[in-house]
Asker: 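Okay, handing you the structure first.
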Amino acid sequence: MRLHRTPPTTTARRLVGLALAPTMLALAAAAPSAAAPRADAQQAQAQAAQRHGGQDTLRRAAPRDLAVGTAVAGGGHHAEQDYADPFAYDVEYRERMAAEFSSLSPENQAKWEYIHPRRDFYNFYPMDAIVRFAEENRQVVRGHTLFWHSQNPEWLEQGDFTDEELRAILKEHIQTVVGRYAGRVQQWDVANEIVRDDGSGLRVGPTSEGGNIWITRLGEGIIADAFRWAHEADPRAKLFFNDYGVEGINAKSTYYYELVQDLKAQGVPVDGFAIQGHLSTQYGFPGDLQANLQRFDALGLETAVTELDVRMVLPENGIPTSAQQAQQADYYRRTLQACLAVEECNSFTIWGFTDKYSWVPVFFAAEGSATVMTDDYERKPAYYALQSTLRDARRGGR
Ligand code: G3I
């Protein structure tokens, strides 16, 4: 089992992103500190950890070689709610995130529409803040995402670019963003959701119908280029495919299984395959999840669970029944157990840890309670299912 630690950064590496785009206006937070956390921040975080569980947290329970992560709320659906940006303003949220988790994923803050809102302008503020927070709290970061059909800025989607210009735009984006965080991001979701839901092929077609602009305009070969450019910009980052609906062995996951073999045969630097894990108690648990992760592991890839949540149709009073809570806990436990049973499944992330900020009720009418804590940070049976499973694995020597 390999241990993955974010190695110390160097000034030279941090400057790569800026050097690649010398004419860009780069709106950035103050220069990030070196990897060594600042003493005052560390002390504050230690005190916060005591207030929110002390030793009794998920990251403390976890085996040393498993990063246990959460999405960091911000952007996306949060922008439409009546609360301020959670990561910037909710102190209790930040403290609990530091106490409970050893890995952070920007929920929206590193997506194209946020980090590259105009062609000649990058907004690094939110992602810089997340990376710095992670370093202060000895957490690793999963970067999300570089190559997607969704949440692209209007200038890109509506722009009248030649194929050659589009290719240059993608290359510059990947090298600028990955280069900026080189040595500070453990894993990147390079290509996100590139396969059609029925597994019949890549998302080719109009963007209005869910087509991936890059593959549609530039052909399948652009996928390999995206991985190559990311690898050039940060040779230490682990580069992943990431998708939903690929938990079990099905047409969609099998498409990826064949695609990664083709790419590996060409020497493309693909390191991992990640399942998102947006599950619902309405549907059966994908019992072949472990077998699916295992077949990718057998190809020499790392695997990861990157966006787990388990939603449910709520009763009229909005409160889940005990049977629903038990079923949810069971789904969380089994997903974690599947990852723990696969040797190179080293990263396990939930898509938010409190219902207060979950994307689920915004997307699915009458559904909710998908995370492991209530709005008031009360731990649910699902939380305890994760904690006890992590403890068992740690005691068992994983
Ligand atoms: O872009 C529209 C804008 O044109 C419109 O005016 C505005 C008002 O309704 O909505 C904007 O879209 C929002 C979008 O984020 C863009 O930022 C959606 O309403 C909002 O619901 C959406 O939320 C994010 C979603 O990704 C977008 O697909 C969520 O916050 C985020 O949790 C979610 O995360 C994704 C992962 O990245 C990939 N896997 C699935 C996961 C859950 O959907």
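Counting starts at 1 for both ligands and their atoms, in listed order. The first residue in the sequence is number 1, and the count goes up from there.
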Asker: Give a yes or no on whether the ring-centroid distance for Phe296 and Tyr257 is below 6.0 angstrom.
Answerer: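 Ring-ring flag for Phe296/Tyr257: true, centres closer than 6.0 Å.
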Asker: With a 4.0 Å cut-off, strictly under, does atom 32 (O) of ligand 1 pick up any protein heavy atom?
Answerer: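 Within 4.0 Å: yes, protein heavy atom nearby.
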Asker: Could you identify the single nearest non-hydrogen protein atom to atom 41 (C) of ligand 1 and state the distance to 0.1 Å?
Answerer: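 Its nearest protein heavy-atom neighbour is Glu307 OE1, 3.4 Å.
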Asker: In terms of side-chain geometry, is the basic nitrogen of Arg391 or Asp56 positioned less than 4.0 Å from the acidic oxygen of its partner?
Answerer: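 A salt bridge links Arg391 with Asp56.
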Asker: Tell me whether the NZ or CZ atom of Lys356 lies within the 45° cone about the ring axis of Tyr377 and under 6.0 Å from its centre.
Answerer: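 That pair does not qualify as a cation-pi contact.
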Asker: Might you work through the ring-ring contact (aromatic ring centres under 6.0 Å, His included) test for Phe241 and Phe147, ending with a clear yes or no?
Answerer: CA-CA 10 Å; Phe241 282 103; Phe147 183 101; 8.9 Å; no
Asker: Taking only heavy atoms of Glu107 into account, list the atoms of ligand 1 that are under 4.0 Å away from them.
Answerer: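 The atoms of ligand 1 under 4.0 Å from a heavy atom of Glu107 are 29 (C), 30 (O), 31 (C), 32 (O).
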Asker: Pull out every atom of ligand 1 sitting under 4.0 Å from any heavy atom of Phe363, numbered as shown with elements.
Answerer: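 Contacts of ligand 1 toward Phe363, numbered from 1: 21 (O), 23 (O), 25 (C).
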Asker: In terms of residue, atom name and distance, what is the protein heavy atom nearest to atom 14 (C) of ligand 1?
Answerer: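 Ranked first by proximity to atom 14 (C) of ligand 1 is Gln151 NE2, 4.0 Å.
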Asker: Check the side chains of Asp355 and Thr371 for a donor-acceptor pair under 3.5 angstrom, ignoring hydrogens and angles.
Answerer: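 There is such a pair (donor and acceptor under 3.5 Å, judged by atom type) between the side chains of Thr371 and Asp355.
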Asker: Does the protein come close to atom 5 (C) of ligand 1 - that is, does one of its heavy atoms sit below 4.0 Å from that atom?
Answerer: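 No.
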Asker: Please confirm whether the ring centroid of Trp214 lies under 6.0 Å from the ring centroid of Trp112.
Answerer: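 When the ring centroids of Trp214 and Trp112 are compared, they turn out to be within the sub-6.0 Å range.
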Asker: Return a yes/no value for Trp359: is any of its N or O atoms, backbone included, closer than 3.5 angstrom to an N or O of ligand 1?
Answerer: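 No, since none of the N or O atoms of Trp359 sits under 3.5 Å from an N or O of ligand 1.
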Asker: Among all protein heavy atoms, pick out the one at the shortest distance from atom 24 (C) of ligand 1; state its residue, atom name and that distance to 0.1 Å.
Answerer: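 Result: Asn108 OD1, 3.5 Å.
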Asker: How does Trp148 reach ligand 1, by side chain, by backbone, by both or by neither, if only non-hydrogen atoms under 4.0 Å count?
Answerer: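 Answer for Trp148: side chain.
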Asker: Using the six-membered ring wherever Trp is involved, compare the ring planes of Tyr357 and Tyr83 and label them parallel, tilted or perpendicular (cut-offs 30° and 60°).
Answerer: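 Because their plane-to-plane angle is over 60°, the rings of Tyr357 and Tyr83 count as perpendicular.
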Asker: Any protein heavy atom sitting closer than 4.0 Å to atom 2 (C) of ligand 1?
Answerer: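 False for atom 2 (C) of ligand 1.
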Asker: Given that the side chain starts at C-beta and the backbone is N, CA, C, O, which of these parts of Thr145 lies under 4.0 Å from ligand 1, counting heavy atoms, or is it both or neither?
Answerer: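 Near ligand 1, Thr145 shows nothing, with every heavy atom at 4.0 Å or more.
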Asker: Which one of Glu80, Gln276, His77, His78 has a non-hydrogen atom at the shortest distance from atom 19 (O) of ligand 1?
Answerer: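 Checking each option, the heavy atom nearest atom 19 (O) of ligand 1 is found in Glu80.
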Asker: So, regarding Asn192 and ligand 1 (criterion: nitrogen or oxygen to nitrogen or oxygen, under 3.5 Å), is there a contact or not?
Answerer: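 Checking ligand 1 against Asn192, no N or O pair falls under 3.5 Å apart.
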Asker: Provide, to 0.1 Å, the distance between atom 17 (O) of ligand 1 and the closest protein heavy atom, together with that atom's residue and name.
Answerer: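 Residue, atom and distance for the closest contact: Glu113 OE2, 2.5 Å.
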Asker: Would Arg96 pass as a cation-pi partner of Phe353, given that its NZ or CZ must be under 6.0 Å from the six-membered ring centre and within 45 degrees of the axis?
Answerer: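 Pair Arg96/Phe353 does not count as cation-pi.
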Asker: What protein heavy atom sits nearest atom 34 (O) of ligand 1, and how far off is it?
Answerer: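 It is Trp351 NE1, 3.3 Å.
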Asker: Right, does atom 21 (O) of ligand 1 have protein non-hydrogen atoms nearer than 4.0 Å?
Answerer: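 True for atom 21 (O) of ligand 1.
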Asker: Out of Asn242, Asn292, Asp243, which one pairs with Tyr256 under the side chain to side chain donor-acceptor pair (under 3.5 Å) rule?
Answerer: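 Of Asn242, Asn292, Asp243, side chain to side chain donor-acceptor pair (under 3.5 Å) with Tyr256 is met by Asp243 alone.
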Asker: I'd like to know if the side chain of Asp376 reaches the main chain of Glu378, judged simply by a donor and an acceptor atom lying under 3.5 Å from each other, with no hydrogens or angles considered.
Answerer: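 Flag not set: sc Asp376 to bb Glu378 has no pair under 3.5 Å.
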Asker: Under 4.0 Å, heavy atoms only, figure out whether ligand 1 is touched by the backbone of Tyr244, its side chain, both or neither.
Answerer: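 Tyr244 to ligand 1: no contact under 4.0 Å from either part.
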